[in-house]
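As structure tokens, the structure follows; a few thoughts come after it.
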Amino acid sequence: MTTMEKMASPVTAEPVGSRGAWVRWAGMVIVVVLAAVSAIWEAFLTPLAWQWSSGGQAHFVRLPVALVLAVVGNAGLAWLTHRVTGKVLAVLAPFAAWVVPMLVAAGRTSEGDLVLTSDNWVGLATMFAGALSFAVAAYWLVIRSIRRPA
């Protein structure tokens with residue numbers, strides 16, 4: 001192919017295998033950091049609630065913002081990890097980086113502080129659905145990567 005033919009051809013995405021190893025490692029580090037930061041933000045968003053009072057009584061409704069962010073964000077992180085590295089098992093790294101801060105937030109500190117409490121359904125659902133989101137995304141990536149005979 002001549003230089004003119006290359007210039008005239010449409011621009012296509014670069015295949016995953018042709019990227020340098022440093023790009024894959026840098027992408028992996030970025031995804032792992034994003035997963036950890038995402039978990040911390042989601043843990044602190046779990047107590048978010050809409051509060052109002054009527055007739056002298058206070059009411060509140062929990063807002064599942066953290067739950068939505070965990071499901072959508074973790075699926076996106078799994079997809080991004082596979083896209084950057086080209087390996088399905090690499091999804092385990094951001095999964096671990098997301099689960100560790102969530103488990104730390106669910107445990108008591110020496111002062112007795114607790115971020116994710118057992119009476120907060122958003123926190124419990126976020127922990128469960130966030131981990132499940134990684135699992136479903138990884139399963140979907142595995143099924144998509146299986147080559148079917150023609």
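Keep in mind the model is a prediction, meaning the values are calculated, not measured.
- Judged as a ring-ring contact (aromatic ring centres under 6.0 Å, His included), the pairs with a partner in residues 53-77 (not counting sequence neighbours) are, in order, Trp52-His59.
- Closest non-hydrogen pair, Pro64 versus Val122, comes out as CA-CG1, 4.0 Å.
- The side-chain heavy atoms of Met102 and Thr126, taken from C-beta on, include a pair separated by under 4.5 Å.
- Under a hydrophobic-cluster definition in which Ile, Leu, Val, Met, Phe, Trp and Tyr are linked whenever side-chain heavy atoms come within less than 4.5 Å, directly or via other members, Val68 and Leu45 are assigned to different clusters.
- Hydrophobic clustering of Ile, Leu, Val, Met, Phe, Trp and Tyr side chains at less than 4.5 Å, counting indirect connections, keeps Trp25 apart from Leu92.
- Between Leu34 and Leu77 the shortest heavy-atom distance is CB-CD2, 3.9 Å.
- At a threshold of 4.5 Å between non-hydrogen side-chain atoms, the residues Met28 and Pro94 count as touching.
- Between Val71 and Ala129, the shortest heavy-atom distance links the atoms CG2-CB, 3.7 Å.
- Listed by first and then second residue, the side-chain hydrogen bond (donor to acceptor under 3.5 Å, both in side chains) pairs involving residues 132-145 amount to none (not counting sequence neighbours).
- Take Asp119 and apply the side-chain contact (heavy atoms from CB on, under 4.5 Å) test, not counting sequence neighbours, and it matches Thr117.
- Counting all heavy atoms, side chain and backbone alike, Trp98 lies closest to Ala35 at CD1-O, 3.5 Å.
- With sequence neighbours left out, Ser53 forms a side chain to side chain donor-acceptor pair (under 3.5 Å) with no residue at all.
- Within the structure, the ring-ring contact (aromatic ring centres under 6.0 Å, His included) test picks out no pair touching residues 99-129 (sequence neighbours left out).
- Summarising the geometry of Val91 relative to Ala138, their closest heavy-atom pair is CG1-CB, 4.3 Å, with the distance given to 0.1 Å.
- Val99 is connected to Phe134 through a chain of hydrophobic side-chain contacts under 4.5 Å among Ile, Leu, Val, Met, Phe, Trp and Tyr, so both are in one cluster.
- Side-chain contact between Lys87 and Arg24 is absent, with no heavy-atom pair separated by less than 4.5 Å.
- Note: the hydrophobic cluster containing Val72 does not contain Leu48 (ILVMFWY, side chain heavy atoms under 4.5 Å, direct or indirect links).
- Panel note: side chain Asn74, backbone Ala70; a donor-acceptor pair is recorded below 3.5 Å.
- A distance of 11.5 Å separates NE2 of His82 from CG of Leu80, quoted to the nearest 0.5 Å.
- Under the 4.5 Å side-chain contact rule for hydrophobic residues, Val136 and Val88 do not share a cluster.
- The minimum heavy-atom distance between Asn120 and Thr46, with the atom names listed, is ND2-O, 3.1 Å.
- Taking CG of Leu67 as the start and CG of Leu124 as the end, the distance is 11.0 Å to the nearest 0.5 Å.
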Leu116 and Met127: CA distance, side-chain angles, deciding distance, side-chain contact (heavy atoms from CB on, under 4.5 Å) verdict: CA-CA 9 Å; Leu116 296 175; Met127 288 179 64; 3.5 Å; yes
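- A search for side-chain contact (heavy atoms from CB on, under 4.5 Å) contacts involving Val37 returns Val33, Trp41, not counting sequence neighbours.
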Test log, rule side-chain contact (heavy atoms from CB on, under 4.5 Å), inputs Arg62 and Trp50: CA-CA 6 Å; Arg62 297 228 185 252; Trp50 181 270; over 6 Å; no
